[in-house]
Amino acid sequence: MVLICSLLSFMDILERAETGPVCTPREWNTRVIPETAARKAKEYDIRFDPENPIVSDDSSADDAFQAGFEMAIETGLLCLDTQRRILVDEKEMRAVIREARSELRYGSGADEIMYYARKPEDKRSLRRHTGPFATAVSEDIFISLHQAYCQSHYTDMLAGGTVPTIYGRPIKAGTPSEMLGGMYGKRLLREAARRAGRPGIPLGGGNGTSLDHFGAWSPGGLTVADHCVTSIPSDLKTKYWILSKVAQAWEHGWKIYAFSHPTIGGYAGGPEGATIVSVAAALMCAAVLRGDAPETNPYDGRFFGNSNKEATWGRSLCTEAIARNTHFIFGVDVDPVAGPCTETLLWEVAGCVITNTVSGAAWSNGVRSATGRYQDHVTPLEGVFRGEVEVAARGMKRTNANALYKAINSKFEDIIRSRKAPKGKPVQECYDLKKFKASSEWQEIYERVKKELIDLGLQLES
Amino acid sequence: MKDKILEKLADAVLDGNEEAAEKIAKEAIDMKIDPVRAIKEGLSKGMDIIGKKFRVHEIFISQVMLSAYAMKAGLAVLQPALGKGEAKGLRTGTVVLGTVFGDIHDIGKDLVGAMLTTAGFEVYDLGTEVSPIDFVTKSEEVKADAIALSSLMTSTKFYQQDVIRYLNDMGLREKYLVIIGGGAVTPEWAEEIGADGYGRFATDAAEILKILLKKGNKVKRPLIIGEVE
């Protein structure tokens, strides 16, 4: 019997998916989610504060946690296959929180690394999943690009990109090519890690359909030292194929990374609703998907990415809520709108990373440049930059971080809101994948932004 | 009195109240209000306001969807009372919409559906994980003007290509406009697969279709809206 906690087993979850209260997706999207989120926001007076995108008021974080906790208990998770709600009661949820892991070991050999829960203003490092992070990367440069990421000491886990073709043919969801692609992609990542001299570096798993997942976990692919990816798509929903991944993960002792990205402007409403749903989703990731490392933060569906003020506030508040009230090994993302070889990208990354670090995230994925939309629009340089900023931001007081964030934000907020953030250049045009060096243009932009950040008060190494 | 009914129809849409929209639409019929007027000055007026509020982020998708349902409920009562040709004249166009096969992401699609409805399109939303054949079958059934395809994943965008390929193979390509969007999709992809239009944001879909329907072959394909340099 696989237990989620002492009061809840996976079989309980499956039963509730079949017997829980009925609810149509339409009712869920138009009534249950928006109305519950709005009610909780009002009850707990949770309001977006544009002057404090990095939250330093602990009582707000605790209120956000309570609001999200109550929402999770009240709504549950909707199983789309059965159109029934999987409910977890308060006692069970408290047991989930109490019994969650606070440490996890990933990787092997010299690259073995311990993950741990962090708190706001924590002086310890957060763990960095660095890489193209699901962005499509051309087959012919896949290994060399990932090798470049692995060669950086700012990469604790390799957040792999998506290989769109196998031997030149498209990898298509729901077909045998997806299964092949799942295997192939992970074997390419292993080769990249080997070439970088880091054969034991942990890998982040794929999040295609279950075919990609099963392919990724076949021999030569992912192992118990890696991350198994599941998700709560959209707002507090699940499907049987997602739960099937979880079932397999338990059978093999894989560590489960469960993520959810409620959308500002989506079913949860504005930043307040999306943040409360993010907290609820973190709890459900742990309770239903048995997420060892839940990752939830709101994205802004109106402007994309998660670097603007509303998304930053939501991410800060959600992270602090979870960090202060649980010992989850909680993750967030670095998802800028602009692409490589632009100043805007680096400013967005700086803002995201400072927020994530001081708010108490245990780990973060990144950098998904240009929100991962454009194939090959990722370079290792922004991954290095991200690591440097994170080191400099450790232990910073949130009030100081907020002042710094606002100065940084002025460099990109209007650009994002105008919906004209530059997509930048593909890696082939701004990074040498034979010498593993940025182009002089991209290097110069990086040096310039670093200098400006130092002038603003961030203690980066020049 | 008739003006009051029209105002109440608009309010029912603004409030997202399906029951009220249906009830007041019946009252409009009983009071012999011209159904064209009831739709234009009642239901559509409410929907216009909703569209404007959504575009400035005053309201969010759930409210737009509820208003769209209310509008449909009112239309279901008023449309049978329209004269021949009047129904077609009121509609901006008919669109079959969905997220492609293998992809469960729905928010983008729902946003597009909501925006198309506010712009006066009749929308048939097939949901998520829709096969190419189902898109085409439904389009034939409802005599659609356009098929709108959403894909969030690199591995699922190929089904957008499959829809166009299937239309070509069935000799139906010229009958339908095909527009695409989603997190995995770019203008280059739209060009590669021979789509008619691409929009970066959900709010672009209605504009693209209006231009394509109005200007036909005078517009270079694919029509790209919202993309950055």
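Sequence lines set the chain letters: A, B, ... in the order given, protein chains first and strands last, and positions in each chain run from 1.
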Greatest number of heavy atom pairs closer than 4.5 Å to chain A - which of B:Phe158, B:Trp189, B:Phe201: B:Phe201
Pairs of heavy atoms under 4.5 Å with chain A: top-ranked of B:Phe54, B:Phe101, B:Tyr159: B:Tyr159
Check whether [X] gets within reach of chain A through its side chain, its backbone, both or neither, counting any heavy atom under 4.5 Å.
X: B:Ile107; answer: both
X: B:Val185; answer: backbone
X: B:Asp110; answer: side chain

Residue A:Pro233 versus chain B: region with a heavy atom under 4.5 Å: side chain
Interchain contact, A:Thr371 with chain B, by part (heavy-atom threshold 4.5 Å): neither
Intermediate values then yes/no, side-chain contact (heavy atoms from CB on, under 4.5 Å), A:Gln375 and B:Glu188: CA-CA 11 Å; A:Gln375 186 161 318; B:Glu188 290 76 16; over 6 Å; no
Separation between [atom1] of [X] and [atom2] of [Y], rounded to the nearest 0.5 Å:
X: B:Met153; Y: A:Glu178; atom1: CE; atom2: CD; value: 6.0 Å
X: B:Ser155; Y: A:Leu211; atom1: OG; atom2: CG; value: 10.0 Å
X: B:Asp106; Y: A:Asp235; atom1: CG; atom2: CG; value: 8.0 Å

side-chain contact (heavy atoms from CB on, under 4.5 Å) evaluation trace for A:Thr263 with B:Phe60: CA-CA 10 Å; A:Thr263 306; B:Phe60 304 107; over 6 Å; no
Neighbourhood of chain A inside residues 8-25 of chain B, taking heavy atoms under 4.5 Å as contact: B:Gly16, B:Glu18
At a heavy-atom distance under 4.5 Å, which candidate from [options] has the highest pair count against chain B?
options: A:Asn29, A:Leu80, A:Thr135, A:Thr162; value: A:Asn29
options: A:Pro170, A:Pro25, A:Ala134; value: A:Pro170
options: A:Gly372, A:Gly269, A:Gly181; value: A:Gly269
options: A:Gly265, A:Ser177, A:Ala268; value: A:Gly265
options: A:Ala136, A:Gly273, A:Gly270; value: A:Gly270

Of B:Asp162, B:Thr154, B:Thr156, the residue whose pairing with A:Lys172 passes side chain to side chain donor-acceptor pair (under 3.5 Å): B:Asp162
Smallest separation among heavy atoms of A:Gly266 and B:Ser62, with atom names: O-OG, 4.4 Å
NZ/A:Lys420: more than 12 non-hydrogen atoms of other groups inside 6.0 Å: no
Within 6.0 angstrom of A:Arg417 CZ, more than 12 heavy atoms from elsewhere: yes
B:Arg200 to A:Phe304 six-membered ring, cation-pi geometry met (6.0 Å, 45°): no
Side-chain donor/acceptor of A:Arg302 to backbone N/O of B:Arg55, under 3.5 Å: no
Non-hydrogen side-chain atoms of A:Lys239 and B:Glu129 separated by less than 4.5 Å: yes
A:Arg26 vs B:Met65, side-chain contact (heavy atoms from CB on, under 4.5 Å): CA-CA, chis, key distance, verdict: CA-CA 9 Å; A:Arg26 172 173 150 162; B:Met65 287 167 76; over 6 Å; no
A:Arg419/B:Thr203 under side-chain contact (heavy atoms from CB on, under 4.5 Å): CA gap, chis, key distance, verdict: CA-CA 12 Å; A:Arg419 294 179 165 183; B:Thr203 44; 3.4 Å; yes
